[in-house]
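Reckoned from all heavy atoms, side chains included, excluding hydrogens, waters and symmetry mates. Just so we're on the same page: letters track the sequence lines, and every chain starts at 1. It should be emphasised that the depicted structure is a prediction, and the values quoted were computed from it without experimental measurement.
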Amino acid sequence: MKKAVSTLAAAGLALAILMTASCAKKEAPKPQDVTVNMFQLKVEIKDALDGYAASYSAAHPGVTVKVETLGGGGDYGGALKAKSQAGQMPDIFQIEGRGHYEVWKDYIADLSAEPWVKDTDLAFKVDGKVLGFPVAIEGYGLAYNADILAKAGIDPASLTTRAAYEKAFKTLDAKKKELGISAPVSMAASVAGGMWWVAGQHNLACYWGGGLPFDDTSVIQKALKGEMDEPRFTQYAKYVQLLFKYADRNILLNGSYDDQVGAFAQGKTAFLHQGNWVDPNLKQLGVTFKIGYAPHAFLDTEEKGLYLFAPSWYVVNSKSPNAQAAKAFLAAMATTPEGHDYMVNKAGMIPAFKSVTLKPSGQLSQELMAANARGGNYGVFFGMLPDGAGQNVFAPVYDLFAQNPNNLSQFIADMKKAIAGLPGMK
Amino acid sequence: MRKNTLVNVLFLAPCVFAFVMIIIIPFFLGLYYSMTDWNGVNPDVAFVGLENFRSLFSAPDFIYSFLATMGYTLINVVLVNVVSFVLSLIVTSRIRFRNFFRAGFFVPYLIGGIVLGYIWQFILNSILVDLGEALSLEFLQSSFLSRSGSVIWAMSAVNTWQYAGYIMLIYIAAIQSIPASLMEAATVDGAGYLTRVFKILIPMMANAFTISLFLTLTTSFKQFDMNFTLTNGGPATRFLDQPVKASQLLAMNIFNTATANRMAEAQAKAVVLFVSLVVVALIQVSINKKKEVEM
């Protein structure tokens, strides 16, 4: 009896192993229908994009677009690697700059012949070839609370030099009680709060591109060879020092994104160092005061532009048999009224295509769109840095400077050393 | 028994298969990748020998993470074991509600490291700072997590809060397995409470110390989740004249290297972590084993 039971169990087990093994061979999908798999990282537009993909699929028989989203706190890069290792590389995926391009270049198709290429300045290009579809325009300056500045008697239009900022910050600092603010600036730079990117990417981008023509990458090209433009950097460092000295200490050294944006939304600071992506947060926090963007004017000379960039690009998997359908999907997004409606009204983004006439609803997004139309803005190039340079190299340098903003020469020396180490990071 | 060989093999097969596939093969693959320039995607992998390891020991951030992990482990092993041993003495004494206390001390262990990190971040960054401002206590007005000198201690305190209850259970079991007659005999002979603890209790539960020290040592060495949510590696400090992250322990250093698409370098760091952990743990166990007594 016992032997019979054990034989039976063994047979069952053998069967189970066989079954799992045979399960691996799934039947292939039907050949006539094309399914375009898209894998994207902007969590905030997930619902809008799912909706657009569904209506596109409905309008195009034989084509189904499936969108998978992973982002925010999720490890998009890791998941994409897992997919490629598993042979399930998506047809459309997203890259955030040169570092990602270097990793994925074997999978990235040439999009130079696409109809939307002429309609944008922000496509991802390498050696003159267009490779990435700009997902949106994002951008920033130093956001200000117009009510507080008016009460303090500061004209935001005058904030175009570092000296003007210094005067304004001093005035605000002296009138803190009267204005009901805790500090002039809401700035975050801490490693601990996960906010290193505000300083180490967005603020540092002022040094890379501020005051230069929109596509002038000379400063960052030099840095990638390990050299720093010291007179220019010194002016920049003095600007960082100003921001740090007049920032709320606890937010600067420890604050999270919510702390930083929340303080500005509650009227506890006059300035906020963030981009137009805070529009939905400000709306959620019930902000009613008028907000505008002042330029990050760090030079001794005058600067009036804002910083505009495409934070990420959609790229088409060159090894996929569905590449043609994937290209058509992106083209429709950029060129049809339905696509424009999705980008502006549903997803709340600023499209990077000049032919789009719809207007976004957020105050900061409107400011950016106006700045884009006005021209004279600056490019944002931190995406050209090697992967990890911001988080692992620049982040602790800024954090240390925030702890002791009086030590300007140390900050300059540390950054010089950090930049000198960039060529070794390849 | 010979007849059952086939059965034995079949029953073992799934476990062996899983073990080989998810432990043995990845382990050796990892060893191989630590000697290449792989970035995680690129199909052309070049063999570079020990190049990754050589550059590690001249990188201040890695040396710092290594030393910080050692320091954190040392603090943790002492703190967790002292606290949990004292707790276990308390809840095995004749105090009232001792079962309630046992459960209470154990509860923090049931909260995951991620959640726990956020809870304590809120306590340390907001509650204590506000308290400091309300009471005008200078030393509380900036968070313990924003000072590079105190951040490792704050992490150890949080880890102790989480882990002491678990180790306490091991000590309770060990204390309860000591025959009551032994303790009674000592009491009759006139031994005081402390004498009984140090001369009888501790030597009799040496095997519990072996396992507890091993557990605390290995978990502190591999600490990641609480590190990630509580401090994220911050604040910065200066080490070998370079700014580094003051609370970035080894596991987090590896993670940050890997997420920057430097897979081979991260793998080399992981090999270093593995080897040092094995060495330290072997030393600890062999020392502890010598102190154990047979009943």
Is chain B contacted by the side chain of A:N250, its backbone, both, or neither, given a heavy-atom distance below 4.5 Å? side chain
Please find out if less than 6.0 Å separates the ring center of B:F274 from that of B:F27. yes
Part of A:Q391 within contact of chain B (heavy atom distance under 4.5 Å): both
Toward chain A, the part of B:V129 with a non-hydrogen atom under 4.5 Å: side chain
Is B:Q121 close to chain A through its backbone or its side chain, or both, or neither, when contacts mean heavy atoms under 4.5 Å? side chain
Non-hydrogen atoms of chain B under 4.5 Å away: do they reach the side chain of A:D106, the backbone, both or neither? side chain
Would you verify whether the NZ or CZ of B:K269 falls within 45 degrees of the ring axis of B:F62 while also being under 6.0 Å from that six-membered ring's centre? no
Between A:Y398 and chain B, which part of the residue has a heavy atom less than 4.5 Å away: side chain, backbone, both or neither? neither
Give a yes or no on whether a salt bridge exists between A:D399 and B:K245, defined as a side-chain N under 4.0 angstrom from a carboxylate O. no
What part of B:S146 gets closer than 4.5 Å to chain A, counting heavy atoms only: side chain, backbone, both or neither? both
Per-residue contact mode, B:D37 against chain A (heavy atom under 4.5 angstrom): neither
Could you check if a side-chain atom of A:M228 sits within less than 4.5 angstrom of a side-chain atom of A:Y207, using non-hydrogen atoms only? yes
Using non-hydrogen atoms only, which part of B:A258 is less than 4.5 Å away from chain A: side chain, backbone, both, or neither? backbone
Check each atom of B:N261 against the heavy atoms of chain A and say whether the ones under 4.5 Å are side chain, backbone, both or neither. both
Scanning both residues in full, the closest heavy-atom pair of B:S247 with B:N227 reads O-ND2, 2.9 Å
